Structure formats: structure tokens, C-alpha cells
Amino acid sequence: MASTACFVIVSKNDIPIYEAEVGSAPKKEDLAYQHQFILHAALDVVQDLAWTTNAMFLKSVDRFNDLVVSVYVTAGHILSKSSFSPLLQPRVDSHGSISFCYQCCNANTIFMLLHDSRSEDGIKSFFQEVHELYIKIFLNPLYLPGSRITSSHFDTKVRALARKYL
């Protein structure tokens with residue numbers, strides 16, 4: 001049976017930084033737009049729910065016909081929305097010397113999956129492994145936080161994980 005799955009990583013201010021149709025169902029352009037619309041519509045529910053729980057995997061947060069939206073938020077969702085800071089933050093110690101410290105910049109990153117499968121454990125494993133890949137991209141000094149992820153290696157790995165878990 002062909003499965004439908006659309007995966008999106010959404011950064012701060014609801015900007016999609018990565019999108020992939022990862023299901024085995026035949027790809028149709030009008031369905032891709034419908035999937036984007038469903039995921040975008042679920043963002044409000046996700047943002048409300050993310051602030052009420054400490055869980056990173058929010059399971060299914062919305063439905064559209066036989067499709068389910070599952071969500072995974074990064075640990076930064078517990079920070080204030082105004083706490084998004086540059087990667088290197090200057091700090092002055094008690095002796096007046098300036099040093100730079102790394103700050104958490106992936107606050108409010110949301111992984112969203114629109115799917116028709118029922119394997120909750122597989123979906124959670126998929127999200128956890130994609131999160132590890134995202135952290136590797138994020139720690140790359142050439143990657144600008146919040147910009148689109150265009151790495152073909154990242155795309156290949158995400159698609160392989162989708163085949164494995166979804």
C-alpha cells in the first residue's frame with residue numbers, strides 16, 4: 001500500500017527551512033500544495049500545545065481526512081520567544097575581559113510530519129534521528145541559523161530514515 005508523508009522543518013517565525021515529500025505514494029503537484037496548507041494550518045495548534053508541555057514529541061496534533069499531523073519540537077521551545085540570540089554572544093566577566101559563549105539558537109524549531117501511517121514508535125524514532133541530523137547541520141560553521149537547508153547529504157539521509165521508519 002502506498003503511504004503519504006510530507007516532512008517539514010519550520011524555524012522561528014514559521015519559516016520552512018526544509019521540505020520533503022517522503023511517502024511512497026505517487027507525487028502530484030496539487031497534493032504537495034495541499035500538504036503544505038494542512039501543515040501550515042496546524043502551526044497554531046502546535047505553538048499553543050508546545051507551551052503547555054515539556055514533551056518534545058507531541059504525537060498527533062491535527063487531522064485532515066485520513067491524514068495526521070505529528071510534531072516534534074526542539075528543546076528550545078521552553079525558552080521565551082524573544083530569547084533567540086546570535087550563535088556567539090559576548091560576555092564580560094568580573095575582571096572586565098570579554099569572552100564569547102555559544103547560545104542556543106535553535107529555539108522554536110518544529111519538525112512536522114503529515115502522514116497516514118499509524119506507527120507512533122516509528123514516527124518518534126524518525127523525528128529523533130532527524131533531530132540528530134539537524135543538530136549536525138546546525139553546528140556546521142558555514143550554516144546560517146534559520147536559512148534553508150540545501151544539503152543533498154541531509155536530504156538523502158532524511159529520505160533514508162523515512163523509508164526505514166515510516
Side-chain angles (χ1 to χ4, degrees), residues 5-23 32-33 35-62 68-93 96-115 122-166:
C6 179
F7 176 67
V8 176
I9 299 176
V10 181
S11 72
K12 186 177 184 198
N13 298 327
D14 301 338
I15 299 170
I17 59 174
Y18 177 79
E19 300 175 58
E21 292 282 337
V22 293
Y33 291 127
H35 294 166
Q36 291 173 359
F37 181 77
I38 295 166
L39 289 169
H40 190 270
L43 274 175
D44 292 332
V45 175
V46 171
Q47 290 170 347
D48 291 342
L49 190 58
W51 294 103
T52 62
T53 182
N54 289 331
M56 293 175 73
F57 180 51
L58 303 181
K59 301 182 182 178
S60 59
V61 297
D62 201 5
V68 179
V69 178
S70 294
V71 175
Y72 183 93
V73 293
T74 60
H77 81 279
I78 59 173
L79 301 173
S80 148
K81 285 189 177 186
S82 63
S83 69
F84 192 83
S85 59
L87 186 56
L88 285 174
Q89 183 70 28
R91 180 175 30 176
V92 179
D93 66 9
S97 62
I98 298 174
S99 63
F100 290 89
C101 62
Y102 285 96
Q103 298 291 321
C104 176
C105 292
N106 67 344
N108 305 323
T109 304
I110 302 168
F111 299 169
M112 303 179 77
L113 180 69
L114 179 68
H115 59 93
I123 292 168
K124 184 176 181 178
S125 297
F126 170 76
F127 278 140
Q128 289 171 335
E129 292 202 29
V130 170
H131 188 205
E132 288 178 21
L133 289 173
Y134 174 71
I135 289 170
K136 289 176 184 176
I137 289 284
F138 190 78
L139 292 177
N140 181 341
L142 300 176
Y143 175 71
L144 180 63
S147 63
R148 289 190 74 67
I149 298 173
T150 57
S151 166
S152 60
H153 179 72
F154 180 84
D155 186 59
T156 303
K157 291 278 192 177
V158 168
R159 292 178 188 280
L161 289 171
R163 281 190 300 275
K164 180 178 179 181
Y165 290 114
L166 303 180

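The structure displayed is predicted, hence computed values, not measured ones.
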S.K.: Would you indicate whether the side-chain heavy atoms of Y18 and F7 approach each other to under 4.5 Å?
M.R.: yes
S.K.: Classify the ring geometry between F57 and F127 as parallel (under 30°), tilted (30 to 60°) or perpendicular (over 60°).
M.R.: tilted
S.K.: For residues Y165 and S125, report the shortest heavy-atom separation together with the two atoms involved.
M.R.: CE2-CB, 3.5 Å
S.K.: What heavy-atom pair brings G146 and S11 nearest, and what distance separates the two atoms?
M.R.: O-OG, 4.1 Å
S.K.: Between atom CD1 of I17 and atom CD1 of I137, what is the distance when rounded to the nearest 0.5 Å?
M.R.: 9.5 Å
S.K.: Under 4.0 Å between a Lys/Arg side-chain N and an Asp/Glu carboxylate O for R148 and E19?
M.R.: yes
S.K.: We want to know whether S70 and H115 form a side-chain donor-acceptor pair, criterion being a heavy-atom distance below 3.5 angstrom.
M.R.: yes
S.K.: As an exercise, state the distance from CG of L161 to CG of L166, rounded to the nearest 0.5 Å.
M.R.: 9.0 Å
S.K.: How long is the span from the NE2 atom in H131 to the CD1 atom in I9, to the nearest 0.5 Å?
M.R.: 9.5 Å
S.K.: Under 30°, 30 to 60°, or over 60°: which ring-plane class applies to Y134 and F138, parallel, tilted or perpendicular?
M.R.: tilted
S.K.: Donor-acceptor check, side chain of T53 to backbone of A55, threshold 3.5 angstrom: yes or no?
M.R.: yes
S.K.: Heavy atoms, side chains only, cut-off 4.5 Å: are L43 and M112 in contact?
M.R.: yes
S.K.: A side-chain contact here means heavy atoms from C-beta on lying under 4.5 Å apart; do Y72 and I123 qualify?
M.R.: no
S.K.: From L58 CG over to M56 CE, what is the distance, rounded to the nearest 0.5 angstrom?
M.R.: 9.5 Å
S.K.: For the residue pair V158 and L133, establish whether any side-chain heavy-atom pair is separated by less than 4.5 Å.
M.R.: yes
S.K.: The test is side chain to side chain contact (heavy atoms under 4.5 Å, CB included); show your working for V69 and I38 and say whether it passes.
M.R.: CA-CA 8 Å; V69 178; I38 295 166; 4.0 Å; yes
S.K.: Output yes when a side-chain donor or acceptor of R163 lies under 3.5 Å from a complementary backbone atom of V22, and no otherwise.
M.R.: no
S.K.: To the nearest 0.5 angstrom, please state how far the CD atom of Q47 sits from the CG atom of D44.
M.R.: 6.0 Å
S.K.: With a 3.5 Å distance limit and no angle check, can you tell me whether N13 reaches the backbone of I15 through a side-chain donor-acceptor pair?
M.R.: no
S.K.: List the steps and the verdict of side chain to side chain contact (heavy atoms under 4.5 Å, CB included) for K136 and F154.
M.R.: CA-CA 9 Å; K136 289 176 184 176; F154 180 84; over 6 Å; no
S.K.: To the nearest 0.5 Å, how far apart are CD1 in I110 and CG in L39?
M.R.: 11.0 Å
